[in-house]
Amino acid sequence: MPETSDQREQRLEKLTALRAAGVEPYPARFSCTHSVAQALHVFTSSEGSAESPVVRTAGRIMSIRVMGKASFAHIMDGSGRIQIYIRQDEVGEQAYEFFLKMFDLGDFIGVEGPLFRTRTGEITIRVQSFQMLAKALRPLPEKWHGLTDVELRYRQRYLDLLANERVRRTFITRTRIVSAIRRFLDERGFLEVETPILQPIYGGAAARPFVTHHNALDCDFYLRISDELYLKRLIIGGLERVYEIGRDFRNEGISTKHNPEFTQIEVYQAYADYHEMMRLTEELWSTVAHEVLGTTTITYQGHEINLTPPWRRWPMREAIKEATGIDIAIHTDLESLRQQIQERRLELDIKPTWGKQIEELFKEYVEPNLIQPTFILDYPLDISPLAKKKPDAPGLVERFEFFIGGLECGNAFSELNDPLEQRERFEMQWQQLQEGDAEAHPMDEDWIRAMEYGMPPTGGLGFGIDRMTMLFTDNPSIREVILFPALKPKSGE
RNA sequence: GAGCCGUUAGCUCAGGAUGGUAGAGCACCUGCCUUUUAAGCAGGGAGUCGCGCGUUCGAGUCGCGCACGGCUCACCA
C-alpha cells in the first residue's frame with residue numbers, strides 16, 4: 001500500500017484492493033442473531049452455564065487495539081456497544097491479515113463467535129468469522145473529544161449523533177415525548193388529524209409568513225404559521241376533540257428560542273373553556289414527563305422544576321401589579337398606561353396599542369422570573385383576535401399562556417365563536433395592518449363564514465414540542481433539539 | 001439588522017500582544033507486541049492557517065473588506 005497523506009485516498013485504495021480480492025465492500029445483507037444489546041444480555045443471563053452462547057451481530061467499528069497476533073475492537077449498533085476479540089489462531093493467518101489491512105474505524109463489520117469475559121471483566125465476542133458490511137471512506141471524529149465544533153455538529157448531524165451520546169439521548173427523548181403525547185390524547189378520545197400547510201390565507205398567530213407559488217394554479221400560498229383556523233373548522237364540522245402535531249413556519253429572526261420551522265401541537269375540545277385547557281395542559285405535561293423521564297421533577301439550566309399539578313394560576317393583572325405596581329384594571333387606556341410607566345421610570349419600549357404595551361411590560365418585568373410552571377391568565381383583547389371576551393373584565397379575554405423555566409411554552413384560550421364579533425376583531429386587526437403592523441391578523445372571510453354555521457363553545461391549546469424537549473433534556477438552545485436546524489448555506493454549496 | 005467572539009492537519013486544540021522555515025494529542029502509514037480498553041513502544045507522512053485585498057524585504061501573526069458560525073441585543077404571541 002503506497003503511503004499517501006489523505007486518509008480518504010488511503011481508504012479508496014483499500015476499497016479497490018477489496019474488490020480486486022473479490023470481496024464486495026457493500027454487501028446487501030447480513031443476518032444477525034442478536035443486536036449488540038441482546039448479545040450482552042444473553043451472556044449475562046447464561047453466565048455460569050457450561051456452553052457460552054454464540055452470537056452473530058454487526059456494527060460500526062469505533063476503536064481498534066492491535067496487539068500483534070490478536071486485536072480488540074469496539075463495535076456499535078443502535079442498541080449499544082460491545083467489544084470484539086480477533087485472534088490470528090482463531091480466524092487464520094490470512095483472515096487476520098485481511099482484518100488488519102482492510103478494516104478502518106467507521107467501517108461496518110459483521111461478526112460471529114462465542115461470548116466470554118476478559119480478564120478485566122468486559123463481555124466480549126471471540127470472533128470466529130467476520131465480514132465487511134460497509135467501507136467508510138472518511139475518518140470519524142476524534143474518539144476522545146468527539147465533535148464539538150457547533151457548526152459541524154449542525155451541518156453534519158450524523159457525525160454529532162455518532163460521536164456524542166448525549167445528543168443521541170436528546171433526540172430519542174424527543175421522539176418519546178411525541179409518542180407519549182399521542183398516547184395521552186388518543187386515550188382521551190382526541191382524533192389526530194392533518195390540515196393544510198399550504199394555505200391561501202395564513203392566520204391563527206401573529207407572525208410574518210413564508211410565501212410560495214403554485215405553478216399550475218398560478219397563485220401564491222403561505223406556509224402556515226399555525227393550524228388553528230383549520231382545526232376549528234373541524235370542530236364546527238362535528239369532530240369535537242381534535243389535535244395536530246406539525247410544522248409551523250414563521251419568517252422571523254433566528255435565536256436560541258426560535259427556528260423558522262418548528263413543531264407545534266394544537267388541541268381543540270368542544271364544550272371546554274380555558275380552565276379546562278389548563279387542567280389538560282398540566283395533566284399532559286406531568287404525565288408525559290413521568291412516562292418519558294420517570295419523574296415529574298426536571299432540572300433545567302440549574303433550576304429544579306416541579307411539573308406536578310396543579311400549577312400556579314396567576315392573572316396577568318396581578319403579576320404585572322406585583323412586578324411594577326401598575327394596575328392595568330385601572331389604567332385601561334394607552335395614555336394612562338404610558339403615564340404610569342413614565343412615572344415609575346420603567347425602561348421600556350413604546351408600543352402602539354394598550355395590549356401591546358401591556359405585553360411589553362409583562363415580557364420585561366414578569367416573564368424572566370417564571371421558573372416554576374405558571375399559567376398567566378387573561379390577556380389584552382387587542383392582541384388576541386381569536387379569543388373570547390372575559391365577562392366583567394373590559395379589554396381582556398379568556399386566554400392563558402404558560403411558562404416554565406423562563407420559557408414561554410404555550411398558549412390557549414376559550415375560543416371566540418361569535419361570528420359577528422370575529423368580524424369586528426379582524427377589522428381591528430386590519431386597522432393595525434394599515435398602521436404598519438406586519439404581524440396583524442389578516443381578514444379571513446372564509447373562516448367567518450364557517451363560524452356563521454355555528455360553532456360550539458370550545459377550548460383550544462397550542463404548545464411547542466421543541467421547547468418542551470429543551471426543558472425535558474436540559475438544552476438551552478432550540479437548535480440542540482432540532483435534528484437539522486436552519487443554517488445559512490455556505491456560499492458555493 | 002447591531003455589538004462582541006471564533007474560523008490553524010480528518011477531529012480536538014496550541015501558536016498570534018513582540019511579523020522571520022507551521023506545532024501537539026487523537027486519527028493515518030511502517031515495524032514490534034496473543035486478554036487490551038484514551039493499550040503500549042519505535043519511526044514516518046499529513047496544512048489554501050476561512051476567503052480576498054493591503055502594509056512590509058518578509059504576514060498564521062498587523063490593517064481593511066467579505067463569508068460562515070456562536071453569544072448578547074433587536075426582531076419574535
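Chain letters run A, B, ... following the sequence lines, proteins first, then strands; residues in each count from 1.
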Are any protein N/O atoms closer than 3.5 Å to N/O atoms in nucleotides 71-75 of chain B? If there are, list each pair with its distance.
residue, atom, partner, partner atom, Å
C71(B), OP2, Arg479(A), NH1, 2.9

Integer angstrom distance from the C1' of G23(B) to that of C4(B) = 29 Å
Tabulated below should be each protein N or O lying under 3.5 Å from an N or O of nucleotides 9-12 of chain B; please produce it.
residue, atom, partner, partner atom, Å
C11(B), O2', Glu142(A), N, 3.2
C11(B), O2', Gly146(A), O, 3.0
U12(B), OP1, Thr148(A), N, 3.1
U12(B), OP1, Asp149(A), N, 2.9
U12(B), O3', Thr148(A), OG1, 3.1

With sequence neighbours excluded, what pairs up with Thr148(A) under the side chain to side chain contact (heavy atoms under 4.5 Å, CB included) test?
-> none
Are Glu359(A) and Lys351(A) close enough for a salt bridge, meaning some N to O gap below 4.0 Å?
-> no
Inter-nucleotide C1' distance (G16(B), G63(B)), Å rounded | 15 Å
Give the nucleotide from the list U30(B), C29(B), U34(B) with an atom nearest to the side chain of Lys101(A).
-> U30(B)
Could you tell me whether Asp273(A) and Lys388(A) make a salt bridge, using a distance below 4.0 angstrom between a side-chain N and a carboxylate O?
-> no
Give the stems involving RNA chain B, where a stem is 3 or more consecutive Watson-Crick or G-U wobble pairs (i with j, i+1 with j-1, and so on) under 3.5 Å.
-> B:1-7 with B:67-73, B:10-13 with B:23-26, B:28-32 with B:40-44, B:50-54 with B:62-66
Partner residues of Met76(A) under the side chain to side chain contact (heavy atoms under 4.5 Å, CB included) criterion, sequence neighbours left out | Met62(A), Arg81(A), Leu162(A), Arg168(A)
Take atom P in C29(B) and the same atom in C13(B), then report the distance between them in whole Å.
-> 24 Å
Donor-acceptor contacts, no H, no angles, side chain residues 469-476 of chain A, under 3.5 Å, sequence neighbours left out:
residue, atom, partner, partner atom, Å
Thr469(A), OG1, Ile465(A), O, 2.8
Thr473(A), OG1, Thr469(A), O, 2.6
Thr473(A), OG1, Asn475(A), OD1, 3.0
Asp474(A), OD1, Gln301(A), N, 2.7
Asp474(A), OD1, Gln301(A), NE2, 2.9
Asn475(A), OD1, Thr170(A), OG1, 3.4

Who passes side-chain hydrogen bond (donor to acceptor under 3.5 Å, both in side chains) against Glu142(A), sequence neighbours left out?
-> His145(A)
Sugar-phosphate only, base, or nothing, as touched by Pro260(A) at under 4.0 Å among non-hydrogen atoms = nothing
State which residues pass side chain to side chain contact (heavy atoms under 4.5 Å, CB included) with Gln432(A); sequence neighbours excluded, sorted by chain then number.
-> Thr353(A), Lys356(A), Asp382(A), Gln429(A), Asp437(A), Ala440(A)
Short side-chain N/O contact from Arg65(A) to OP1 or OP2 of U36(B), under 4.0 Å | no
Ile84(A) CD1 to U34(B) P: how many Å, rounded?
-> 18 Å
Whole-Å gap separating P (A77(B)) and CD (Glu228(A)) = 14 Å
N/O (side chain, Lys488(A)) to phosphate O (OP1/OP2, G69(B)) under 4.0 Å | no
Position toward the 5' end of RNA chain B (nearest nucleotide), Val150(A) or Met67(A) = Met67(A)
Run through Lys389(A), Arg425(A), His441(A), Arg399(A) and flag the one making a side-chain hydrogen bond (donor to acceptor under 3.5 Å, both in side chains) with Ser384(A).
-> Arg399(A)
C76(B) P sits how many Å from Phe262(A) CZ, rounded?
-> 15 Å
Between His441(A) and Arg117(A), which has a closest nucleotide on RNA chain B that is more 5'?
-> Arg117(A)
Does Arg233(A) count as lying over the ring of Tyr230(A), i.e. NZ or CZ under 6.0 Å from the six-ring centre, within 45 degrees of the axis?
-> yes
Pair Glu282(A) + Arg312(A), salt bridge at N-O below 4.0 Å | no
Using a cut-off of 4.0 Å on non-hydrogen atoms, how would the nucleic acid contact of Leu159(A) be classed: base, sugar-phosphate, or nothing?
-> nothing
Are Asp104(A) and Lys14(A) close enough for a salt bridge, meaning some N to O gap below 4.0 Å?
-> yes
Gln83(A) CD - A39(B) P separation (whole Å) = 10 Å
What distance, rounded to whole Å, do you find between the two P atoms, one in C41(B) and one in G25(B)?
-> 11 Å
In whole Å, what separates the C1' atom of G15(B) from that of G47(B)?
-> 14 Å
Atom CG of Asp378(A) to atom C1' of A77(B): distance rounded to whole Å?
-> 16 Å
U56(B) to A74(B) separation - C1' atoms, rounded to the nearest Å = 41 Å
List in numerical order all residues of residues 71-80 of chain A for which some heavy atom is under 4.0 Å away from an atom belonging to RNA chain B.
-> Phe72(A), His74(A)
Please tell me which of the listed nucleotides, A27(B), C68(B), U36(B), lies nearest to the side chain of Glu151(A)?
-> C68(B)
Sequence neighbours left out, what passes side chain to side chain contact (heavy atoms under 4.5 Å, CB included) with Thr256(A)? Give chain and number order.
-> Ser477(A)
Return the set of residues passing salt bridge (charged side-chain N to carboxylate O under 4.0 Å, His left out) with Arg56(A) (not counting sequence neighbours), or none when no residue passes.
-> Glu112(A)
How far does the P atom of U18(B) sit from the matching atom of G45(B), given to the nearest Å?
-> 35 Å
Round to a whole Å and report the spacing from CD of Glu97(A) to C1' of G31(B).
-> 13 Å
Identify whether any heavy atom of Arg87(A) sits under 4.0 Å from a base atom; if not, whether one sits that close to sugar-phosphate; answer base, sugar-phosphate or nothing.
-> base
In whole angstrom, give the distance that lies between atom NZ of Lys135(A) and atom C1' of C28(B).
-> 12 Å
Any cation-pi pair here, Arg157(A) with Phe484(A), using under 6.0 Å and within 45°?
-> no
Below 3.5 Å, does any donor atom in the side chain of Arg119(A) face an acceptor in the base of U35(B), or the other way round?
-> no
Please list, chain by chain and in numerical order, all residues satisfying side-chain hydrogen bond (donor to acceptor under 3.5 Å, both in side chains) with Arg153(A), sequence neighbours excluded.
-> Asp160(A), Glu480(A)
To the nearest angstrom, the CG-P distance between Leu105(A) and C26(B) comes to 13 Å
In terms of side-chain geometry, is the basic nitrogen of Glu9(A) or Arg11(A) positioned less than 4.0 Å from the acidic oxygen of its partner?
-> no
If we take the P atom in both A17(B) and U21(B), what is their distance in whole Å?
-> 14 Å
Is there a donor and acceptor pair, one atom on the side chain of Arg399(A) and one on the base of A77(B), closer than 3.5 Å?
-> yes
